[in-house]
Amino acid sequence: MPRGYTFPMLTRRALIASLAAAPAAAQVDLGFSDNGLRPTTSAFPQKSEMILQRSTPPLLETPMSVFDAHDFTPNDRFFVRWHYPFPTRINPAQHRLRVTGHVGRALNLSLADLARLPRVAVAAVNQCAGNGRGLFSPRVPGAQWANGAMGNALWEGVRLKDVLALAGVKAGAVAVRCSGLDAPAGEGAPDYAKSLPVDHALTDDVMIAWAMNGEPLPMLNGFPLRLVVPGWYSTYWVKMLDQIEVLDRPDDGYWMAKAYLQPANPLADIAPGAPAGPRVPVTTMRPRAFVTNIATGARLPTRAFTPVQGVALGGDHGVARVELSADGGASWLPVQLGPDHGRFAFRRFRGALALPPGRHTIWARATNAAGVAQPAAQNWNPSGYNRAGVDAVRVEIA
Ligand SMILES: Nc1nc2c(c(=O)[nH]1)N[C@H]1C(S)=C(S)[C@@H](COP(=O)(O)O)O[C@H]1N2
Ligand SMILES: [Mo]
C-alpha cells in the first residue's frame, strides 16, 4: 500500500451497509438545494449535502455555494456520476490493475506495485461533458445538471506513461482503452470503456490517481484508482480503474464510437433542429467562469458596489483573465484573480459592479492563456455537451 495514505477499511460495516442501502429513492432523505427548487440528500456514504439528480446509479451535483467557499472542492461535496452499478465493497489489498494488448509484456499490478513508481500530483478540474446541460434552451435530454457537475481537486498518484513504459507499448499502438469495476446490469449492454489516443496517453499530464485532496478517493469517486486526464472532460477519467488495454486500431466500442460525440466544430455548436452533421468525440474543455455568490433571480439590496465572485477554469490552458459585464457585453470590467494552483485548476475571482436599483443581467467571462474567450452567445447541441458561453445571472437591485 502506498506510504503516507491509509485506504479506508472497506470491511467497515457501516460504510458498506450505507452504500448498499443508499441508492434507493425511498431511503434518500430529501432537503432543498441552495436555489430551493431541487432536492438535496445527505444519504450517500462519504458525502454530505448534495443535489440529488438520480439515486441509482447515483448522479449527485455540487451546490454552487460550495465553490464559493473553497479553491479545492471538498471530497464530501464533490459531484458523482455513474452510468452503471459498481461494487460497494473493494479490498484494496486485492485490487489489481491489468495492462494488456499491444504491449511487450502484460502486467498485473497491485497498489503496492504502483506506489513504487515516481509519485506525481496535479490540481485539476474534473468536469462532466454535460455540465450545465439542464440550462440549455431549447432543452436537451440527459441528466439535467446545472453547473455543479464539476469540481477541483489535488490528485495524487503516478503517471500513466510510467505504467505503460513498464509494459512496453509496441510500435503501431493507436489508443489506450481504460475501464473500471462497474458493469452494466443488463445483458448485452457495453462495458464502460474510454480510450485516449496513444500520443495523449503518453504525455506527462495523464495520471492514475489514488488520492484526492490528500485522502483516498471516496468510493463514489472511484476508489481505489482512477484515471485523471487534466484539461479533458471527465468522461475519460475512468473510476475504479482495473483494466488498461493498448489497441493497435481505433476503439470502435460504444462509448467511443457512438456516445460522447459532438458536432465537429470548436464550440460543438449547431442551430437547434439543424442536421447534426459530422461528429467527433468530446475531448478538451473550454474556458468558463461561474458566479458563485449570486444565484440567478436573486434580489439584492442597493449598494455602491455589488460584490461578484466566482470560479473560473481555463479548459486545457490556464485562466488568463475574468471580466464582468452588466450591459450585455458592451463594456467589460476586469476582476481580481485568486491563488494560481496551476493551469488545470479552478481560479477563484472577485470583482464588483456599480448596479443602480432595477433589473440587471450579470455576465462573467473567462479567457484562457491561449487567448480563447467564452462567447457571449450560448453554444448548443442536441446532447448538451461542451456548454461554453457566458451564463447570464439575473438580479434585481432593490
Ligand atoms: N468506471 C467509470 N468511470 C467513470 C464513469 C463511469 O460511469 N464509470 N463516468 C464518467 C463520467 S461521464 C463522469 S462525469 C465522471 C464523474 O466523476 P466523479 O463521479 O468522480 O465526479 O466519471 C467518469 N468516469
Ligand atoms: Mo459525465
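Excluded from the calculations below are hydrogen atoms, water molecules and symmetry mates; all remaining heavy atoms, backbone and side chain alike, are included. Note that ligands are numbered from 1 as they come in the structure, with each ligand's atoms numbered from 1 the same way.
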Near [X], which atoms of ligand 1 are under 4.0 Å from a heavy atom of that residue?
X: Y260; result: 12 (S)
X: C128; result: 14 (S)
X: W82; result: 1 (N), 2 (C), 7 (O), 8 (N)
X: N126; result: 17 (O), 18 (P), 20 (O), 21 (O)
X: F79; result: 14 (S), 16 (C), 18 (P), 19 (O), 21 (O)
X: N221; result: 18 (P), 19 (O), 20 (O), 21 (O)
X: D182; result: 1 (N), 2 (C), 6 (C), 7 (O), 8 (N)

>> For the aromatic rings, using the six-membered ring if either is Trp, is the centroid distance between F72 and H341 under 6.0 Å?
In response: yes

>> Could you check whether F67 and F290 have their ring centres less than 6.0 Å apart?
In response: no

> Is ligand 1 under 4.0 Å from a heavy atom in the side chain of W255, in the backbone, in both, or in neither?
Replying inline: neither

>> Under 4.0 Å, heavy-atom basis, I'd like to know which part of K194 is in contact with ligand 1: side chain, backbone, both or neither.
In response: neither

Could [X] and [Y] be called an ion pair, given the rule that one side-chain N must be under 4.0 Å from one carboxylate O?
X: K239; Y: D182; value: no
X: R98; Y: E245; value: no
X: D269; Y: R387; value: no
X: D71; Y: R347; value: no
X: D251; Y: R177; value: yes

Which residue and atom name correspond to the protein heavy atom nearest [atom], and how close is it?
atom: atom 24 (N) of ligand 1; result: W237 O, 3.1 Å
atom: atom 19 (O) of ligand 1; result: K239 NZ, 2.5 Å
atom: atom 17 (O) of ligand 1; result: R226 NH2, 3.1 Å
atom: atom 13 (C) of ligand 1; result: S234 OG, 3.6 Å

>> Between K194 and T235, is there a side-chain donor-acceptor contact under 3.5 Å, judged purely by atom types and distance?
In response: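 Present: a donor and an acceptor within the cut-off.
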
Consider every N or O of [X] and every N or O of ligand 1, then say whether any pair is closer than 3.5 Å.
X: Y84; result: no
X: H83; result: yes
X: R81; result: yes

> With N91, which of Q94, H95, R89 fulfils side chain to side chain contact (heavy atoms under 4.5 Å, CB included)?
Replying inline: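 Filter result, single survivor: Q94.
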
> Hey, which of L114, L111, L241 is the one that makes side chain to side chain contact (heavy atoms under 4.5 Å, CB included) with P224?
Replying inline: L111

>> Show, in sequence, the C-alpha distance, side-chain angles and deciding distance for W155 and W237, and conclude whether the ring pair (Phe, Tyr, Trp, His ring centres under 6.0 Å) test is met.
In response: CA-CA 12 Å; W155 309 94; W237 298 40; 5.4 Å; yes

> Looking only at non-hydrogen atoms, which of Y233, Y236, Y192 approaches atom 10 (C) of ligand 1 most closely?
Replying inline: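 Residue with the shortest heavy-atom distance to the ligand atom: Y192.
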
